[in-house]
There are 2 protein chains.
Amino acid sequence: MEQKIIDLLKRSNLSITDSRKKILESFFQEDSALAHADIENHVGQDFDRVTIYRTLQTFVDKGIIHTIPTPDNAVLYALCKDSCSAGHHHDNHVHFICDNCNKTFCLEHVVVPAVHMPVGFAASQIDMVVSGICNYCNATT
Amino acid sequence: MEQKIIDLLKRSNLSITDSRKKILESFFQEDSALAHADIENHVGQDFDRVTIYRTLQTFVDKGIIHTIPTPDNAVLYALCKDSCSAGHHHDNHVHFICDNCNKTFCLEHVVVPAVHMPVGFAASQIDMVVSGICNYCNATT
DNA sequence: TACACTATTGCAACTATGTTGCAAAATGTT
DNA sequence: AACATTTTGCAACATAGTTGCAATAGTGTA
């Protein structure tokens with residue numbers, strides 16, 4: 001784990017700091033997307049709120065994580081897959097929000113379908129967020 | 001205009017108040033979706049911030065307007081079409097955000113396409129937000 | 001390993017956004 | 001017009017996010 005995180009930071013040309021390691025750790029430990037508050041809980045009192053904001057922004061810039069738009073307008077972050085690089089995100093997958101456990105997942109293998117735009121409209125990016133019940137909640141209820 | 005607004009309020013079982021009339025007017029005058037701040041600008045100093053928040057919430061509850069999720073997590077509101085009713089929204093259309101003029105539109109005639117969910121996931125609602133250049137900006141640049 | 005340079009962090013202060021309780025004012029009903 | 005009910009404005013509070021700056025930690029080099 002520790003080594004995986006250090007490698008990722010090096011690959012992204014970022015210096016290895018305690019806060020970056022701890023915050024990345026949160027993402028590797030959780031399979032779902034995290035809100036700023038989730039991360040604050042995970043890292044505890046160790047780091048300042050501002051540091052977390054700046055670290056997350058840095059990770060987004062470097063293509064390590066991406067933000068997820070949600071219908072209730074909370075900002076969520078999730079790890080990018082390898083196809084993402086600095087300044088160039090490729091997260092064209094569908095995001096899923098479970099109404100039961102409230103977790104948000106990246107459906108890496110579900111690609112956002114094409115839509116036919118009206119005349120005059122040119123699409124450059126498409127975000128698709130699906131809500132419902134996730135596989136874990138469906139299995140246990 | 002005035003009469004149309006009053007009728008809409010009556011149909012929704014809402015009392016006719018100055019703030020509700022003025023706020024609804026904003027929506028009828030703009031073809032694009034409005035943020036809270038846009039509305040505050042439009043109605044000026046006439047009403048308290050809190051009143052605007054509460055009025056918008058009331059309109060959402062009554063099915064007069066709906067919220068639009070955006071990738072940058074700003075809350076936007078737009079008029080619902082007639083198929084919406086209290087507690088029962090039918091806004092299954094695609095939303096479009098122009099990267100040039102920054103306005104957000106409901107593409108009423110573009111229905112959100114179906115997606116195939118992985119085993120175990122049950123979808124109940126799908127939001128699709130497309131960004132790019134709108135027809136107005138494409139025509140004038 | 002120690003040094004110097006650069007990047008990162010913490011603190012404080014600030015802005016924006018949204019919420020709640022309660023008394024005053026406006027609305028609808030008779 | 002008078003009453004009961006909603007709605008509004010105010011004040012205070014809560015949360016989220018940003019900025020400048022000084023102190024600290026990380027990195028490459030000798």
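In what follows, every heavy atom counts, from backbone to side chain, and hydrogens, waters and symmetry copies are set aside. Lettering follows sequence order; numbering is per chain, from 1. What you see is a predicted model; the values in this text were computed from it and never measured.
- If Asp18(B) and His36(B) are placed on DNA chain C by their nearest nucleotide, the residue sitting closer to the 5' end is His36(B).
- Nearest-nucleotide positions on DNA chain C for Arg20(A) and Val50(B) put Arg20(A) closer to the 5' end.
- Phosphate proximity of dT7(D) to Arg54(B): absent, as no side-chain N or O sits under 4.0 Å from OP1 or OP2.
- Identified under the salt bridge (charged side-chain N to carboxylate O under 4.0 Å, His left out) test for residues 47-57 of chain B, with sequence neighbours left out: none.
- In this structure, Leu56(B) atom CG and dT8(D) atom P are separated by 11 Å, rounded to whole Å.
- Among the heavy atoms of the strands, none lies under 4.0 Å from Asn13(B).
- Toward the 5' end of DNA chain D, the nearer of the two residues Ser15(B) and Arg49(B), judged by each one's closest nucleotide, is Ser15(B).
- Phosphate proximity of dG26(D) to Thr17(A): absent, as no side-chain N or O sits under 4.0 Å from OP1 or OP2.
- Looking only at atom types and distance, the side chain of Gln29(B) has a donor-acceptor partner in the side chain of His42(B) under 3.5 Å away.
- Between Ser19(B) and the phosphate of dT8(D), there is a side-chain N or O to OP1/OP2 separation shorter than 4.0 Å.
- Residue Ile52(A) contributes atom CD1, which lies 18 Å from atom P of dT19(D) at whole-angstrom precision.
- From one end of the helix from dT1(C)-dA30(D) to dT30(C)-dA1(D) to the other, with five pairs defining each end axis, the axis direction shifts by 40° (rounded to 10°).
- Put simply, chain B comes within 4.0 Å of DNA chain C, heavy atom to any atom, from dT17(C) to dG28(C), going 5' to 3'.
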